[in-house]
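FYI, the numbering just counts along the sequence from 1.
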Amino acid sequence: MRLPFGPEARMERALEEARKAIERDEVPVGALVIAPDGTLLGAAHDERMARRDPTAHAEILALRRAAQALGDWRLEECELVVTLEPCPMCAGALVLARIKRLVYGAASPKSGAVATHTRLLDIETFNHKVEVQSGVLAEACGKVLSEYFRGRRSGGECKSSE
């Protein structure tokens with residue numbers, strides 16, 4: 001499947017993934033890995049609760065699916081689009097996968113490792129540099145998260161958080 005070439009259109013598709021997470025009572029973060037020609041290589045949403053796996057973040061799952069689709073762990077010319085600023089684990093995975101470009105929506109006030117709390121992608125000694133575009137549909141991405149957590153808090157104990 002080929003996706004449109006605008007960051008907003010691609011973020012809309014990532015938001016679809018985030019909404020799938022809500023249906024499964026997971027934190028609503030959605031991620032896509034897209035090839036240079038616009039082919040969707042991997043799409044995912046958080047699955048930590050279902051998998052009982054602390055590493056099952058949307059970004060990690062999308063990277064795994066893309067690597068499997070390409071038959072290579074090197075995703076050098078690919079773009080990752082995600083609704084929430086990556087955490088330290090996911091930011092590190094982007095460097096290791098050699099992702100060319102990261103596009104994210106909302107800043108992460110709890111664990112943002114691209115700009116909010118730390119700037120892991122700016123470490124000069126890493127063997128790879130990831131281009132970053134932030135704030136794409138940030139309001140819509142943040143709204144999905146805030147509504148999810150508001151609902152969890154009003155409906156009982158909040159089981160998970162970003």
Side-chain angles (χ1 to χ4, degrees), residues 7-8 10-22 24 26-35 40-68 73-150 152-153 158-162:
E8 290 84 7
R10 290 177 173 190
M11 189 62 72
E12 287 288 352
R13 176 62 180 82
L15 279 164
E16 289 176 24
E17 285 297 320
R19 290 182 191 104
K20 289 179 188 177
I22 293 171
R24 294 166 176 85
E26 297 277 0
V27 175
V29 176
L32 314 172
V33 176
I34 304 162
L40 178 61
L41 298 173
H45 54 78
D46 271 27
E47 294 184 29
R48 291 182 297 169
M49 301 299 281
R51 292 176 181 247
R52 295 179 175 90
D53 178 355
T55 69
H57 288 204
E59 300 97 319
I60 300 297
L61 298 174
L63 289 169
R64 288 177 181 160
R65 291 171 185 158
Q68 187 172 30
W73 61 269
R74 293 174 195 87
L75 305 174
E76 293 171 316
E77 295 300 315
C78 296
E79 174 178 274
L80 185 124
V81 177
V82 62
T83 58
L84 182 66
E85 177 185 4
C87 71
M89 173 184 68
C90 295
L94 298 180
V95 172
L96 295 173
R98 299 182 181 154
I99 285 288
K100 180 177 183 170
R101 179 179 149 112
L102 164 67
V103 176
Y104 72 88
S108 176
K110 290 191 177 184
S111 63
V114 175
T116 303
H117 288 291
T118 188
R119 302 181 73 87
L120 285 180
L121 299 181
D122 291 341
I123 294 175
E124 303 258 340
T125 57
F126 285 162
N127 67 342
H128 180 74
K129 181 75 173 152
V130 179
E131 299 170 17
V132 177
Q133 181 178 2
S134 62
V136 176
L137 300 181
E139 188 175 326
C141 293
K143 184 177 179 183
V144 169
L145 284 157
S146 61
E147 287 178 355
Y148 170 78
F149 284 115
R150 190 174 14 258
R152 298 288 296 147
R153 288 182 190 107
C158 185
K159 294 181 193 173
S160 61
S161 66
E162 272 300 297

Output yes when a side-chain donor or acceptor of [X] lies under 3.5 Å from a complementary backbone atom of [Y], and no otherwise.
X	Y	result
R65	A43	yes
E26	A50	yes
K129	K100	no
D46	A58	yes

So, for [X] and [Y], which heavy atoms are closest and what is the spacing to 0.1 Å?
X	Y	value
C90	I60	SG-CG1, 3.9 Å
P88	S111	CD-O, 3.4 Å
L61	A56	CD1-O, 3.8 Å
V103	P7	CG1-CB, 4.4 Å
P28	I22	CB-CG1, 3.5 Å

Listed by chain and number, what are the salt bridge (Lys or Arg N to Asp or Glu O under 4.0 Å) partners of [X], not counting sequence neighbours?
X	result
R64	none
E12	none
E8	none
E147	K143

* Asked: Is there side-chain contact between L75 and L94, with heavy atoms separated by less than 4.5 Å?
  ->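 Side chain of L75 against side chain of L94, heavy atoms only: no contact under 4.5 Å found.
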* To do: Find out whether L121 and F126 are in side-chain contact, i.e. whether some heavy atom of one side chain is under 4.5 Å from a heavy atom of the other.
  =>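 Sidechains of F126 and L121: no contact.
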Partner set under side-chain contact (heavy atoms from CB on, under 4.5 Å) for [X], not counting sequence neighbours:
X	answer
L96	none
A14	M11, L32, V81, T83
R98	W73, R74, E76, N127, H128
A106	L84, C141

* Cationic N near anionic O, under 4.0 Å, E16 to R19 -> no
The criterion is side chain to side chain donor-acceptor pair (under 3.5 Å); which residues satisfy it with [X], sequence neighbours excluded?
X	value
Q133	R101
R24	none
R51	E47

Less than 3.5 Å apart, which donor and acceptor atoms pair up between the side chains of residues 112-120 and the rest of the protein, not counting sequence neighbours?
from, atom 1, to, atom 2, distance (Å)
T116, OG1, E85, OE1, 2.4
T116, OG1, E85, OE2, 3.4
H117, NE2, P109, O, 2.5
R119, NE, D122, OD2, 2.7
R119, NH2, D122, OD2, 3.4

* Interatomic spacing from CG in L15 to CZ in R10 - rounded to 0.5 Å ->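 Answer for the CG-CZ pair, L15 versus R10, is 15.0 Å.
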